[in-house]
There are 2 protein chains.
Amino acid sequence: MKGKIFIIEDEASIIQLVQLNLEKEGFIVASSLNGNEGLKGLKKFEPNLLLLDWMLPDLSGIDVCKNIRKDNNFKNLPIIMLTAKGEEEDKIKGLESGVDDYITKPFSFNELSARIKAVLRRSDPNIVANDLIFEDLKLDRIEKRVFRDEKEIQLGPTEFRLLEFFLTNPKRVYSRDQILETVWPNNVNVESRTIDVHIRRLRQSINIKDKKELIRTVRSSGYSLV
Amino acid sequence: MKGKIFIIEDEASIIQLVQLNLEKEGFIVASSLNGNEGLKGLKKFEPNLLLLDWMLPDLSGIDVCKNIRKDNNFKNLPIIMLTAKGEEEDKIKGLESGVDDYITKPFSFNELSARIKAVLRRSDPNIVANDLIFEDLKLDRIEKRVFRDEKEIQLGPTEFRLLEFFLTNPKRVYSRDQILETVWPNNVNVESRTIDVHIRRLRQSINIKDKKELIRTVRSSGYSLV
DNA sequence: TTCTTTTGTTACAGAAATATTACAATTTAA
DNA sequence: TTAAATTGTAATATTTCTGTAACAAAAGAA
């Protein structure tokens with residue numbers, strides 16, 4: 001994690017908090033308290049991503065954004081907008097003006113961090129850790145590939161997400177409900193038994209003969225990666 | 001134990017009592033005496049869990065709950081509802097509105113504490129202590145594993161719960177009825193002698209040769225871990 | 001000792017949880 | 001549009017777990 005992140009935000013306390021945490025994760029951070037200064041600082045700093053407040057004392061976030069998009073050097077700079085409003089209308093306006101993602105204040109740092117990584121993953125994959133590795137199993141989030149013991153394995157979309165989920169917390173046992181909540185799109189109703197079937201399919205795919213079983217069944221509790 | 005807990009409850013005495021005890025356990029606690037203020041306070045405080053009274057002077061607990069679930073930042077905030085009513089109907093309503101657990105007033109602090117930890121264990125496992133250790137015995141609640149003297153031991157679900165129960169209060173003697181109440185799912189009727197059989201199974205599993213017996217029989221009283 | 005009460009042990013049938021399979025419906029790719 | 005891949009479910013098979021009853025053993029009481 002060696003990317004550079006620029007913050008334009010007028011509340012110094014937010015900058016401080018975010019900067020501290022991002023630096024802890026290995027990002028290099030610079031910031032500015034208003035739009036005009038921000039635009040200048042940006043050009044010097046050449047960040048990989050910009051966190052941009054919606055409401056600024058001089059220019060609005062959208063103005064800053066439009067300004068940036070005009071500049072050939074920053075046409076593709078990923079921008080995450082910070083906004084206190086939750087209105088749908090604003091979100092649409094923001095996306096039209098070329099914002100990559102949104103986050104509504106107050107936000108937890110975990111959420112911010114997740115969004116930053118998701119955006120960077122698309123724009124600048126090298127900056128972010130994209131491989132999930134567990135023993136001889138490797139999952140590449142960028143190329144959407146899975147390897148066991150160097151050999152590539154074909155997985156369907158659901159099995160891929162399922163494995164990705166297990167890999168974010170290997171060894172931990174998850175109940176069927178937890179799996180359902182996280183791996184399946186929201187508000188989708190599927191039988192919890194359906195998971196058994198997907199577990200089976202995943203097992204069939206990732207298990208190699210002479211290699212140990214990777215998915216543990218914990219009766220009455222769920223499954224885990226081991 | 002470093003999590004943050006927010007309480008919305010109109011009886012100041014309850015808040016005081018709960019807050020005192022939770023802080024003793026290392027939680028950071030904030031509170032509010034009514035629903036509207038609570039919703040605001042909540043957003044500033046960013047708790048890991050909310051204790052929510054069912055009856056509030058302004059909004060009902062359910063309203064507060066629904067309100068919270070609408071907010072993207074708090075959609076997944078674990079909520080434990082405090083209620084004086086015991087009616088089944090209410091429980092169902094509450095669960096539909098997205099509550100994670102229930103507790104009926106009056107409650108003992110021990111019960112509350114246990115439920116809080118159980119809920120946190122699911123949502124935010126890092127906050128809660130997850131390993132139960134007694135001498136050379138270790139039970140890992142996250143991975144659902146048990147070790148004696150570093151060596152793993154296979155246990156069935158009931159034996160696991162039974163051991164987990166003993167480990168939360170080693171040395172203390174429990175009657176068969178107490179064990180039944182806590183270890184078995186509610187409203188299940190099993191012979192109290194059945195426990196003897198499970199004790200035997202547990203003993204067989206966790207006893208290693210040359211190592212001392214871990215479960216003590218207290219004639220006419222029950223069993224304990226020693 | 002002898003009787004009474006409590007606990008230990010064993011075996012087993014039924015229950016519960018999981019695994020596996022097949023299939024129809026849907027989505028995606030060709 | 002057709003063919004192939006993917007998904008969810010239901011039905012069935014298999015495995016593992018549970019509770020109970022029956023008898024044995026142990027501990028107290030008389």
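Proteins get letters first, then strands, A, B, ... in listed order; numbering begins at 1 in each. Every value quoted in this text rests on a predicted model; they were computed, and no experiment measured them.
- Nucleic acid contact for A:Arg203: sugar-phosphate only, since backbone atoms but no base atoms lie under 4.0 Å from a heavy atom of the residue.
- Atom P of nucleotide D:dT7 and atom CD1 of A:Ile195 are separated by 14 Å, given to the nearest angstrom.
- Counting to the nearest Å, the P atom of C:dT9 and the CD atom of B:Glu191 are 20 Å from each other.
- Exactly one residue among B:Gln154, B:His198, B:Arg201 makes a side-chain hydrogen bond (donor to acceptor under 3.5 Å, both in side chains) with B:Glu159. That residue is B:His198.
- Between the base of C:dG8 and the side chain of B:Arg193 there is a donor-acceptor pair shorter than 3.5 Å.
- If you measure from atom NE2 of B:His198 to atom C1' of D:dT20, you get 10 Å, rounded to the nearest angstrom.
- Where B:Asp196 and B:Arg201 each meet DNA chain C at their nearest nucleotide, the meeting point lying more 5' is that of B:Asp196.
- As rounded to whole Å, 18 Å separates atom P of D:dT9 from atom CZ of A:Arg200.
- OP1 or OP2 of D:dG19 has at least one side-chain nitrogen or oxygen of B:Trp184 nearer than 4.0 Å.
- Residue-level contact check: B:Glu159 touches the backbone only, with heavy atoms under 4.0 Å from sugar-phosphate atoms and none from bases.
- Considering every non-hydrogen atom in both A:Glu25 and A:Phe109, the closest pair reads OE2-CE2, 3.7 Å.
- Nucleic acid contact for B:Thr194: base, since at least one base atom lies under 4.0 Å from a heavy atom of the residue.
- Distance CG/A:Leu49 to CG/A:Leu52: 10.5 Å, rounded to 0.5 Å.
- Ring to ring, B:Phe165 and B:Tyr174 are close: their centroids are under 6.0 angstrom apart.
- In this structure, B:Leu202 places its CG atom 12 Å from P of D:dT18, rounding to the nearest Å.
- An OP1 or OP2 oxygen of C:dT18 is reached within less than 4.0 angstrom by a side-chain nitrogen or oxygen of A:Arg176.
- When the P atom of D:dG19 is taken as reference, atom CZ of B:Arg161 falls 8 Å away, rounded to whole Å.
- Whole-Å rounding puts the A:Ile199 CD1 to D:dT7 P distance at 14 Å.
- Atom C1' of nucleotide D:dT7 and atom CG of A:Leu155 are separated by 15 Å, given to the nearest angstrom.
- Rounded to the nearest 0.5 angstrom, A:Lys144 NZ and A:Leu155 CG are separated by 12.0 Å.
- Note on A:Tyr223: only backbone sugar-phosphate atoms sit closer than 4.0 angstrom, heavy atoms only; bases stay farther off.
- Side chain A:Arg219 to base C:dT18: no donor-acceptor pair is found below 3.5 Å.
- Listed pair A:Ser220 / C:dA16 fails the phosphate criterion, with no side-chain N or O lying under 4.0 Å from OP1 or OP2.
- Here the nucleotide nearest the side chain of B:Thr158, chosen from D:dT18, D:dT9, D:dT7, is D:dT18.
- You'll find that the side chain of B:Pro157 is closest to D:dC17, out of D:dA21, C:dT20, D:dC17.
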